[in-house]
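Notes to accompany the following structure.
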Amino acid sequence: MANAALVVTGSLNMDFVVQVDRMPAPGETTLGSDFKMIPGGKGANQACAAGRLAREVAVKMVGRVGYDPFADHLKASLAAAGVDVSAVMAVRKQPTGVALIWVEKSGQNSIVVAPGANGELSAADIESVHSAYAGARCALFQLETPLQTVEAALRVAREAGATTILDPAPAQRLPESLLALVDILTPNESEACLLLGWEPRRIGLEEAPELAAALHALGPKAVILKLGDAGCYYSGPEGIASAGGFSVTAVDTTAAGDTFNAAFAVAMSEGQAVREALRFANAAAAISVTRLGAQASIPSRSEVEDFLLARV
Ligand code: RIB
C-alpha cells in the first residue's frame, strides 16, 4: 500500500437527488423533478475534493462499501479524481450507503442518510489498514461512521504524526476522549452550538471568538468556524485569522462543507499559511454551491485558482 500525504477516513454514499419547489411537510406528498444519482458521502466528498485540488499531495480513502454496483461507481468516481481507493473495503452484510436529498430552488437542502456499509467500518478495520496513515501530513474525519471507529482512526493518525481535522457532521455531542485527539475542529454554527449544548443560533464574526474559546475548552488545538455567508474564523496555534465568504448564486449547498475541509487540508499540506488556506477553501466551497450535487459540484485546482485571480 503506497503512502499518501492526506488520508480521509469516512463514508461513501450514493446520493439520490431530487429538486423540489419546497420541502414536503410531514405526511405530505409533493412532486419533485430532475432525479439524479450522484456520488456523495461526507468522507468520499472530502477525498474527491482533495484529489481534484491537490497538486503535490497524494490522497487515500479509508472506508467501507457493499458488494453492489453503487460501490463500483463510488470507487470509480474517487479513482477518477486521483484518489487511492485500495483501503476502501467491501462488506457483505450491508449495502453501500445511500443518501436521499431534496434540493430547493434557493439551494437549501435536506438530507437523510442510510449508512449501510459505512456503519460496518470498525476499529479492527482501521487497525488492519493502519499502514495507510504512515507518513500522512493530514488526516480528515467526519461523523457518518461509528464514533468508536472515528476515535480509533484519529488515534492511529495522531500516532502516525498527521494533523487530524474533524468535521463534526452530522451534528452530535462528542466524547471528551474523541475531541482530545482532534487538532483542528471545523463546525458550522449549528454543529458548534450542539457540541456546546447551546441553543442553535446564527453566529457572526463578532461572536466567533467566544464560540471558538468554548470549543477549544473541549480539547481541539485549533477551531475553524464555518459561518456561511459571513466566511470563516480560525483560532489556534497560528493565532487568529478570518476570511470573508464569496458572494455567489447558490444552486445547491450539498458538499460545500466537505469541499471546504478538503481544500483547507490540501492548502495546509502544501505549506500555505492559514489565511491563504482559508481563502482557498472558501473559494473552492463557493464554486461548489453554484452547481448541483456533491462530487459533481467539486471544482478542479485550476478553477479555484482562476476564481481567486478574478477576485484579487
Ligand atoms: O455533506 C454532503 C453529503 O452528506 C452528501 O453527499 C450525502 O451523501 C451526505 O453524506
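For reference, positions follow the sequence shown, starting with 1. Both ligands and their constituent atoms are indexed starting at 1 by order of listing.
Residue E270 is tested with R55, R301, R137 for a salt bridge (charged side-chain N to carboxylate O under 4.0 Å, His left out); the sole match is R301.
When only non-hydrogen protein atoms are considered, atom 3 (C) of ligand 1 lies nearest to N45 ND2, 3.6 Å. In terms of protein heavy-atom proximity, atom 4 (O) of ligand 1 is closest to K42 NZ, 3.2 Å. At the top of the distance list for atom 2 (C) of ligand 1, counting protein heavy atoms only, stands D258 OD2, 3.4 Å. Looking only at protein heavy atoms, the nearest one to atom 10 (O) of ligand 1 is E144 OE2, 2.6 Å. If you check which protein heavy atom lies closest to atom 5 (C) of ligand 1, you get D15 OD2, 3.4 Å.
Taking distance alone, with nitrogen or oxygen atoms compared against 3.5 Å, V113 stays at or beyond that limit from ligand 1. Not one N or O of T254 is nearer than 3.5 Å to an N or O of ligand 1, by distance alone.
Partners of F16 under the side chain to side chain contact (heavy atoms under 4.5 Å, CB included) rule, at least two apart in sequence or in another chain, are M14, F35, M37, F70, V98, L100.
No more than 12 heavy atoms of other residues, nucleotides or ligands lie within 6.0 Å of NE2 in H73, so this atom counts as exposed by the packing criterion. Within 6.0 Å of CG in L31 there are 12 or fewer heavy atoms belonging to other residues, nucleotides or ligands. Within 6.0 Å of atom CZ in R201, more than 12 heavy atoms from other residues, nucleotides or ligands are found, so the atom counts as buried in its surroundings.
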